[in-house]
Amino acid sequence: MSDALSRPLDLPAWPQFDDAERAGLLRALDQGQWWRMGGSEVDSFESEFADHHGAPHALAVTNGTHALELALQVLGVEPGSEVIVPAFTFISSSQAAQRLGAVAVPVDVDLDTYCIDVEATSAAVTSKTAAIMPVHMAGQMSDMDALQKLSADSGVPLLQDAAHAHGARWRGKRVGELGSVAAFSFQNGKLMTAGEGGAVTFPDAELHEMAFLRHSCGRPRTDRLYKHRVAGSNFRINEFSASVLRAQLARLDGQIETREARSKVLSGLLADVPGVEPQGRDERCDRMSHYMAMFRIPGATEERRNAVVDALVARGVPAFTGFRAVYRCDAFWETSAPAESVEAIAQRCPNSETLHAECVWLHHRTLLGTEDQMHTVAEIISDVVASS
């Protein structure tokens with residue numbers, strides 16, 4: 001064992017914070033008004049987040065799952081309609097549609113980028129399809145050129161699940177500049193966080209205003225007579241969370257620059273490890289935010305992959321198993337499931353089946369480490385995979 005492998009890895013901790021978050025919390029506290037209708041932190045954060053992502057409008061909400069649900073609702077998703085989602089994703093992507101009574105239709109993903117397969121998506125569009133939800137997996141943006149064409153040809157709107165894609169770009173364009181609604185998450189592990197939280201960006205004022213109403217129980221901003229105009233729920237975020245997110249946003253670009261640099265090193269090293277294949281990159285995604293460092297172990301069973309993850313964690317590497325294919329989760333079948341069997345969906349989603357068994361991901365704090373630590377991480381992975 002090399003000297004590097006015998007030392008504790010000691011990667012940076014997450015979340016990262018400093019006096020900027022402390023000052024923000026005190027600023028919110030001293031306002032004396034701690035909800036968004038009386039304070040200024042949420043309004044300021046929404047403006048800053050929209051500007052950062054090139055979006056005309058942004059709305060902060062309670063969490064990323066609510067961001068998806070709200071976005072789908074304002075796009076017209078309703079009971080009986082269909083929403084196309086990647087089969088390989090965190091289950092919020094499908095559950096947000098199912099909570100609205102819509103049928104979630106899983107389609108396969110690309111085995112290189114792990115993002116939604118456009119050809120499979122096109123084949124799944126029906127007269128009931130109300131939205132297509134590409135997930136920008138680990139900050140690798142989906143093929144937005146092809147998806148935008150599909151949306152224009154079919155008349156079905158896109159909802160970008162950008163929970164992993166804060167600060168990412170597609171051919172020089174930020175998420176909010178791509179002409180479609182996008183949903184973000186600020187859960188504790190995300191690229192910027194307040195423990196929980198989410199946001200939706202909008203390309204026009206009409207959608208933004210409808211989302212505001214629905215996220216605030218259908219009540220207009222200045223209402224004093226309880227005239228609730230539309231059905232909704234309480235998805236309002238509080239002033240304290242927004243103050244923390246303003247500080248987190250201010251350091252996002254610097255962290256992405258570090259992750260981009262370290263990812264080139266780590267991905268290159270992993271590509272040379274026998275039995276390991278790192279997630280690929282579509283170069284049209286000219287800025288990848290790297291929410292995860294993902295790779296797969298070709299030919300591994302789910303059990304072997306799980307053992308590799310356990311061994312990596314024991315060696316100090318913050319490793320996790322890849323997402324279960326959504327249709328292989330019991331929760332997927334509880335409500336508004338498609339009229340297909342698990343095996344029928346699995347048969348048309350072979351790449352998702354592969355990733356379901358073979359995928360491993362490392363927390364993005366790994367990519368905030370030093371270049372020397374990238375070499376150590378790669379050595380540990382090589383050693384663990386070889387001995388598994």
Side-chain angles (χ1 to χ4, degrees), residues 11 14 86-93 108-117 134-143 161-168 185 187 189-191 255-256 258-283 285 287-302 304-313 315 317-326 349-369 373-374 377-378 380-382 384-385 388:
L11 291 165
W14 190 264
F88 179 73
T89 182
F90 185 69
I91 200 167
S92 284
S93 303
D108 208 5
V109 298
D110 181 84
L111 195 55
D112 184 42
T113 65
Y114 306 175
C115 292
I116 197 166
D117 181 276
V135 175
H136 300 321
M137 183 57 65
Q140 162 59 62
M141 296 186 72
S142 301
D143 185 346
D161 183 338
H164 302 173
H166 315 68
S185 173
Q187 177 267 346
K190 295 299 187 294
L191 294 163
Q255 291 172 333
I256 290 176
T258 299
R259 292 190 191 100
E260 281 274 46
R262 299 294 182 265
S263 177
K264 290 178 182 177
V265 175
L266 181 59
S267 182
L269 292 168
L270 291 181
D272 291 333
V273 173
V276 170
E277 188 166 333
Q279 178 189 21
R281 177 166 179 169
D282 187 325
E283 292 305 320
C285 180
R287 193 187 199 211
M288 186 171 170
S289 50
H290 301 286
Y291 172 58
M292 305 161 169
M294 305 186 83
F295 63 91
R296 63 188 183 93
I297 307 168
T301 62
E302 188 176 347
R304 181 186 170 214
R305 185 276 313 277
N306 295 349
V308 166
V309 169
D310 289 343
L312 291 174
V313 171
R315 299 278 289 271
V317 179
F320 300 82
T321 63
F323 300 125
R324 298 188 68 79
V326 292
C349 294
N351 295 339
S352 298
E353 285 289 290
T354 296
L355 292 169
H356 167 94
E358 298 177 357
C359 184
V360 177
W361 63 273
L362 311 183
H363 191 280
H364 61 81
R365 70 184 180 92
T366 305
L367 299 176
L368 295 177
Q373 286 176 320
M374 299 306 101
V377 168
I380 293 172
I381 291 171
S382 178
V384 166
V385 170
S388 67

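Here, residue 1 is the first one in the sequence, and each next residue gets the next number. The basis for the numbers below is simple: all heavy atoms, side chains too, and nothing from hydrogens, waters or symmetry mates.
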*Show your reasoning for whether side-chain contact (heavy atoms from CB on, under 4.5 Å) applies to Met137 and Gln279.*
CA-CA 10 Å; Met137 183 57 65; Gln279 178 189 21; 4.3 Å; yes

_Set out, in order, the CA-CA distance, both residues' side-chain angles and the distance that settles side chain to side chain donor-acceptor pair (under 3.5 Å) for Thr113 and Asp282, then state yes or no._
CA-CA 7 Å; Thr113 65; Asp282 187 325; over 6 Å; no

*Evaluate side-chain contact (heavy atoms from CB on, under 4.5 Å) for His136 paired with His164, printing each intermediate quantity in order.*
CA-CA 6 Å; His136 300 321; His164 302 173; 5.6 Å; no

*Step by step, work out the side-chain contact (heavy atoms from CB on, under 4.5 Å) result for Thr366 and Met292.*
CA-CA 9 Å; Thr366 305; Met292 305 161 169; over 6 Å; no

*Can you list the steps and then say if Leu11 with His363 is a side-chain contact (heavy atoms from CB on, under 4.5 Å)?*
CA-CA 10 Å; Leu11 291 165; His363 191 280; over 6 Å; no

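Scored by the salt bridge (Lys or Arg N to Asp or Glu O under 4.0 Å) test, Arg365 finds no partners at all (sequence neighbours excluded). For His166, the ring-ring contact (aromatic ring centres under 6.0 Å, His included) partners are Phe184, Phe186, not counting sequence neighbours.
Summarising the geometry, atom OG belonging to Ser388 is positioned 9.0 Å from atom CG belonging to Leu312; distances are rounded to the nearest 0.5 Å. Note that CZ of Arg296 is 9.0 Å distant from CG of Asp112, once rounded to the nearest 0.5 Å. Of the inter-residue distances, the one linking Cys349 atom SG with His356 atom NE2 reads 12.5 Å to the nearest 0.5 angstrom. One finds the CZ atom of Arg305 at 10.0 Å from the CG atom of Asp310 (value rounded to the nearest 0.5 Å). Here the straight-line distance linking atom CD1 of Ile256 with atom CG of Leu367 works out to 11.5 Å at 0.5 Å rounding. The distance from the CG atom of Asp108 to the CG atom of Asp117 is 6.0 Å, given to the nearest 0.5 Å.
Here the rule is side-chain contact (heavy atoms from CB on, under 4.5 Å) with Thr89, and of Val135, Ile116, Val109 only Val135 fits it.
The minimum heavy-atom distance linking Ala378 with Val273 is given by the pair O-CG2, 4.3 Å. Taking both residues in full, the closest heavy atoms of Met288 and His290 are given as O-CD2, 3.0 Å, listed atom of the first, atom of the second, then distance. Residue Val309 comes nearest to Ala319 through the heavy atom pair CG1-O, 3.7 Å, listed as atom of the first residue, atom of the second, then distance. In terms of heavy-atom proximity, Ala168 sits nearest to Ser289 at CB-OG, 4.1 Å. For the pair Gln140 and Cys115, the tightest heavy-atom approach, listed with the atom from each and the gap, is O-SG, 3.1 Å. Of all the heavy atoms in Pro278 and Phe295, the pair that sits closest is CA-CB, 3.7 Å.
At distances below 3.5 Å, not a single donor-acceptor pair connects side-chain atoms of Arg262 with backbone N or O atoms of Met374. Looking at Arg281, its side chain does come within 3.5 Å of a backbone N or O of Cys285 through a donor-acceptor pair.
Counting heavy atoms from C-beta outward, Val317 and Val384 have side chains that stay 4.5 Å or more apart. Contact check for Leu266 versus Leu362: side-chain heavy atoms found under the 4.5 Å cut-off. Between Asp110 and Asn351 there is no side-chain heavy-atom pair separated by less than 4.5 Å.
Using cut-offs of 30° and 60° on the angle between ring planes, the pair Trp14 and His364 is perpendicular. The aromatic rings of Trp361 and Phe323 sit tilted, their planes meeting at an angle between 30° and 60°.
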